[in-house]
*Asks:* 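I'd like to ask you about the structure that follows.
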Amino acid sequence: MVHTNTASECPKEMIALKMAQTEKLLPGNQNSVSMDSSSVDMKQLSTHAGSKGRTQHRQTSKPSKRENICSIGSSSSDAPTAVKKRVVPTFHRKASGLKEKTKNKPEKLSQMSIEQVMGTTHRVSGALVQAAKTVTSMSPSELAKLQEIISESSEMLMMLTYTDGSTQLREPNEPRKRASASLHEEGVANSVLVAIQRKAAKKEYMFVSFPLAGLGKENASEATRNVLLEILQSSTRKVCFDAQELMHAIIINYSLDPQSGCNKWVIMDPKIACWLLDPDNPPVTFSGMLKTFVTGKYNDQAPNNHLTHLELLGLVMGDLTNKLQRKNLWELFINLEVPLIPILAGMEVQGIQVNQKMLISYSNILKDEIKDVEKQCYKEAGHPFQITSHIQLRQVLFVELKLDEQCPGQKLARTNVQNLKSTSETVLHKLIDLHPLPELVLTHRQLVKLKSTYLDGLSDYVSGGYIHTSWDQTSAASGRLQSSNPNIQNIPKQPLQLHKDANGSVVNETTASSTTPATTLWMREPFYSHDGWSFFAADFQSIELRILAHLSQDAVLLKVFNDAGSTDIFVQLTCEWLGLNLDDVKTADRERTKRIVYSVIYGVGAERLAETLNDTKENAKAFTKSFLVKFKGVNTFAQRCISECQRHGHVKTIFHRHRLISNISSQNFHVRSHAERQAVNFVIQGSAADICKLAMIHIMKVLSEKNTVRARLLVQIHDELLFEVHDEDINEVKGILKTVMESTPTLGESICQLKVPLPVSLSYGKTWGHLKQMV
DNA sequence: GGCTCGACGCTACG
DNA sequence: CGTAGCGTCG
């Protein structure tokens, strides 16, 4: 097991998460991986032929860089030098020459050395040209020997090769293309190259390649597939730079079940290790990582071939392992981040069903509405202008209409960099009573945003009725997951109300009378579940505030969360704060409390809070002050974060995730203040992220154990998990999700026992638009 | 004149 | 606070 494999390298004071102590997270149990293609939704799989987004930047190859790259197995000796938008599937070619040699070897397997069998054992030091053996060219006896070698190996280094001849360990390619250029691309993964290190002879590797591109069913022989799965499930330490991408390619090309087929794969990823060490500067490419994180010996210009890169990969991971252990990050790495990799890969392949026709029809509705609003804007301004141009809008509002001069008491915000008069939402709100234009512009902005980002933008990503988002583990310094291409985590939750008033002109909800006919659009409505299945959402209620209660140990906050009662937390807080009765709390008070609370979490200043509250700076200050007086622990907690950061140069979350913040001692007030807010915010946001990830791993583990329950994880939105569940299993899943997620705090108890409960609220429905709350 | 790029402003989500 | 992504502008 990996755990035992690596335990000897771990410091004694290592605290393991409870999760990892159970064997299920760890590899070695072959039977638990479903190879049954009948369990795979073929309709969905057929839509995943291409992986977009993450492959965008490797379309082009640099022939000059590849001059001394040796030919590996089925890869690049005759790779196209020209850029190809659509990659023609390259069927795995026979490993020329090599195959002949090994085929002619004597038959007595037991008497042969590995070299004799495989002809590929190789000492990497030195620039020897060396080829890997392609698995598909092996005879049954050779495969048997290979399996034996795998079972006796001490380490396996893995990487993808692409049809253009580059690899995962390639030099950085052309500058990244714009997101729009990445749409509808074909996947270009060509093969999986594995260097197997033998236990007996540490310096000897055996190189094997598994074809991916053009892998038809007829070619994916059971034997070949089983060998690759054996590697992935083996307890041997495995290393890959960007393991998520590797897993993604394997799941697709070998038609594995994206949810259950891979969740026990354990691969060390140096990319993630580097990000844990310095989350603000995550490596993008392998060579970039070497430059930033690896000192001395590896910086030398190594021979540019696949095999030396693989050896380098192993050395670097060894180095990083030591670094992680020294920084007390190893448990976070091995128990949280590494188990997450196959889950994310599975989510990418799984995708989510989208009704593209609905996206288009909504878009057309908005197109007309936008035109109407445009006309009204021109009328109110007295002439046509480009409403989306801040420069022109500034001219109209502040030079022609001089609206800013009509509100002398108010201080209107300025833009960040150029210090010009801002046209932001908060500014426009303040001008609303002076002239019809500001509100029209706000409406226009809202409609344009919804149309361009969430209707047209999403529509571009629909392929075969599905959207396959990319999940990025290393792009957020706080430890949160991030989705992109498209970003599925910021699709509006609130519906858009469209009203037509008596004149037929469009107005938004704030001014429309309740009797006018209304159209209601939910941007999440086009996302729908399969027949016989439903969406099922589970989200942690106000997790960041609960984390704050725990971390600050503030007596009042702790009491609020632990005295239970189903009353809304912000209503309760408002009571505590203003000394009101529960029934006397008005919605406005509740909203105000919520904003103040999160402002404190985010560490914003009085000016910013005044803006969000639409109140004066003095009142905002007073609010914040009375809040901090009521919850004295919060302020001491913030100060503790700041001084910890000053002492150590970094702050830590409850699971030891850290962030280096050097500006904490800056002489510049603004720079230092920003750093202080970052420090406080990171501890809370990062701790919440830790727990959400732990919950995610835990729930996927439990679901995969109950193989009768049909549930798939589709999306993670920080504190919320969206599943698709078979209708017959809804009640069972409801019970599992609630129990398992709410037990998350106990999982990490060896690291940290949370002093507050983390209740989960559940909802379900046939579309993502408006889910029904469950009780 | 069209095209690409980075900087900037704004606003969804948490 | 911190993500992604759309739009304008020079």
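Per chain, numbering begins at 1; letters A, B, ... match sequence-line order.
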*Asks:* Verify the contact: side-chain N or O of A:T453 to OP1 or OP2 of C:dG5, cut-off strictly under 4.0 Å; return yes or no.
*Replies:* no
*Asks:* In whole Å, I'd like the distance from the NE2 atom of A:H444 to the P atom of C:dG7.
*Replies:* 12 Å
*Asks:* If you assign A:G479 and A:I391 each to the DNA chain C nucleotide with the nearest heavy atom, which residue ends up on the more 5' nucleotide?
*Replies:* A:G479
*Asks:* Is there side-chain contact between A:D472 and A:S484, with heavy atoms separated by less than 4.5 Å?
*Replies:* no
*Asks:* Without decimals, in angstroms, what is the distance between A:I661 CD1 and C:dC1 C1'?
*Replies:* 11 Å
*Asks:* Atom CG of A:D456 to atom P of C:dC6: distance rounded to whole Å?
*Replies:* 10 Å
*Asks:* Would you kindly give the CZ-to-C1' distance between A:F385 and C:dT8, to the nearest whole Å?
*Replies:* 14 Å
*Asks:* Check every atom of C:dG5, C:dC1, C:dC6 against the side chain of A:N485 and return the nucleotide holding the closest atom.
*Replies:* C:dG5
*Asks:* Would you say the side chain of A:F561 lies within less than 4.5 Å of the side chain of A:P759, judging by non-hydrogen atoms?
*Replies:* no
*Asks:* Looking at A:E644 and A:K652, is there a salt bridge between them, counting it only when a charged N and a carboxylate O are closer than 4.0 Å?
*Replies:* no
*Asks:* What does A:A477 touch in the nucleic acid at a heavy-atom separation under 4.0 angstrom: a base, only the sugar-phosphate, or nothing?
*Replies:* sugar-phosphate
*Asks:* Roughly, in whole Å, what's the span from CG in A:N663 to C1' in C:dC1?
*Replies:* 15 Å
*Asks:* Check A:R480 with A:E544, please: is the shortest side-chain N to carboxylate O separation under 4.0 Å?
*Replies:* yes
*Asks:* Is the shortest heavy-atom distance from the side chain of A:L366 to the side chain of A:L496 under 4.5 Å?
*Replies:* yes
*Asks:* Between A:S666 and A:R672, what is the shortest heavy-atom contact and its length?
*Replies:* O-NH1, 3.0 Å
*Asks:* Reading nucleotides 9-14 of chain B from the 5' end, what letters show protein touch, with B for base, S for backbone sugar-phosphate only, - for no heavy atom under 4.0 Å?
*Replies:* BSBBSB
*Asks:* Output the rounded distance in Å from CG (A:L458) to C1' (C:dA4).
*Replies:* 12 Å
*Asks:* Could you state the atom-to-atom distance from CG of A:L481 to C1' of C:dA4 in whole Å?
*Replies:* 14 Å
*Asks:* Grab the CG-C1' distance between A:L548 and C:dC1 for me, whole Å please.
*Replies:* 14 Å
*Asks:* Taking the six-membered ring of A:Y454, is the NZ or CZ of A:K449 close enough (under 6.0 Å from the centre) and on axis enough (within 45°)?
*Replies:* no
*Asks:* Between A:S389 and C:dC9, is there a side-chain N or O to OP1/OP2 distance below 4.0 Å?
*Replies:* yes
